Amino acid sequence: MTHYPFTPDETIVVSGIQSSGKLHLGNYFGAIRQHIALHQNHPSYYFIVNYHAMTSVRDPIALKAHTLDAALTYLALGFDPSKGDLFVQSDVPLLNELTWIFFCLTPVSQLEKATSYKDKVAQGLSSNCGLFNYPILQAADILIYGGTLVPVGADQKQHIEIARDTAQRFNHVWSPDQPMFPLPDPYIVKNVAIVPGIDGRKMSKSYDNTIGIFDEGKELDRRIKRIVTDSTPLEAPKDPDTDNVFALIRLFASEEQQSEIREAYQCGGYGYGHAKKVLTGLITEYFGDARERRRELLKNPDYIQDVLRQGGINARQRAEACMDKVRELTGLMTTYQF
Ligand code: ADP
């Protein structure tokens, strides 16, 4: 049971992706693949989170370019705008109002415990207030559309818990009898876990350790060559379960291919160079059709902008309905509504 504007018990899929760099294999297997699958059957709101990206990107040209490239990537990978909404986060500036309200409900200690923040600071990212408050903007992102299901990578589990806590706090304070916000659940694919980057850390745009979804040719070779492996000699047996190359192969290979490669690792005489060649072939083939669609879409940039514009209109409408109710419940007065 929830307040207008959200329909009780409806599954609303909501998720975002940062426009802070080229989208990569971690984004695809952790999130985008599930986004594409879920939007076929449920109302879905997918946004390119350019406010969040500002925690690390200061170059306006790069921010815009990454935003459009993310939209292009979704469309090339099969996002169908007749089935869901794809839009730019900053097309819904109302989000910032909801974020402020959520700030006022959130204990600082909860954000201090956020592991993603601590990891990013430990890896050398600047600890600006945007980075610290990142999960609260994310909570607003999810709740403003009444999101109930959030397909994300395993690295985001804690942030979805923060969004749930935030919804509960709001409901407790301002709508105890008839909760305003549904509590969102994460949707995390178990066998993907966290995709490692070429340096063995979590693959992330923030760490410059990615393999881009559409990397090909020399760029793909260069990235794959740089994947860190141990120094076991070619003839010695190797453990596939501790190797970064195998961790990536597993994402693409069939069960049968996986057990063949696993056996080759364990028998010895199979080097990491061999495994890297296999990985290059698998990536090239897996994204072949999408790469072709991307080339076609690139010929029609107006189409990409139209998709984003319409997605933004739909998202704003839903967000406005939510914020009208939020203002009424919280007593935030706007005289233009008198
Ligand atoms: P990044 O860390 O590259 O900036 P984002 O914060 O934009 O990634 O994350 C977008 C989505 O991709 C999120 O759902 C996140 O959980 C998922 N994701 C990002 N990196 C990985 C990874 N290495 N493995 C699995 N999922 C990931």
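First listed ligand is number 1; within each ligand, the first listed atom is number 1. Quick caveat: nothing in here was measured; it's all calculated off a predicted structure.
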Any nitrogen or oxygen of H24, side chain or backbone, less than 3.5 Å from one on ligand 1?
yes
min-distance protein heavy atom vs atom 19 (C) of ligand 1 -> N27 ND2, 3.3 Å
Hey, could you give me the CD1/CD distance between I249 and Q258, rounded to the nearest 0.5 Å?
9.0 Å
If we number the atoms of ligand 1 from 1 as shown, the ones under 4.0 Å from a heavy atom of G30 are 25 (C), 26 (N)
Any N or O on I17 sitting closer than 3.5 Å to an N or O of ligand 1?
no
Heavy-atom distances under 4.0 Å decide this one: backbone, side chain, both or neither, for S204 against ligand 1?
both
Which ligand 1 atoms does V152 reach within 4.0 Å, using its non-hydrogen atoms?
14 (O), 16 (O)
Check the orientation of Y270 and Y265. Use parallel for under 30°, tilted for 30 to 60°, and perpendicular for over 60°.
tilted
If you measure from the Lys or Arg side-chain nitrogens to the Asp or Glu carboxylate oxygens, is any gap between R222 and E219 under 4.0 Å?
yes
Which segment of H52 sits under 4.0 Å of ligand 1 when only heavy atoms are counted:
neither
Determine the interplanar angle of the F29 and F252 rings, folded into 0 to 90°, and report it as parallel if under 30°, tilted if 30 to 60°, perpendicular if over 60°.
perpendicular
How far does OG1 of T280 sit from CD1 of I224, to the nearest 0.5 angstrom?
3.5 Å
Considering distance alone, does some N or O of K205 sit under 3.5 Å from an N or O of ligand 1?
yes
Of N50, T67, N96, which is the lone residue that meets side-chain hydrogen bond (donor to acceptor under 3.5 Å, both in side chains) with S90?
N50
Are L111 and F102 connected into the same hydrophobic cluster when the rule is that any two of I, L, V, M, F, W, Y join if their side-chain heavy atoms are below 4.5 Å apart?
yes
Centroid-centroid under 6.0 Å between F246 and Y272 rings
no
Output yes when the distance from some N or O of ligand 1 to some N or O of V195 is under 3.5 Å, and no in every other case.
yes
G26 to ligand 1: N or O pair under 3.5 Å?
yes
Which of these, K205, R294, K64, K22, sits in a salt bridge (charged side-chain N to carboxylate O under 4.0 Å, His left out) with D69?
R294
Tell me which protein heavy atom sits closest to atom 6 (O) of ligand 1, plus the residue, atom name and distance to 0.1 Å.
Q18 NE2, 3.3 Å
Heavy atom of the protein closest to atom 11 (C) of ligand 1 (residue, atom name, distance):
A31 CB, 3.7 Å
Just to be sure I read this right, does ligand 1 sit under 4.0 Å from the backbone of D155, its side chain, both, or neither, counting only heavy atoms?
side chain
Before signing off on this row, confirm whether K120 and ligand 1 have an N or O atom pair separated by under 3.5 Å.
no
Under 3.5 Å, N or O to N or O, is M203 touching ligand 1 that way?
yes
Minimum side-chain heavy-atom gap T229-K276 below 4.5 Å
yes
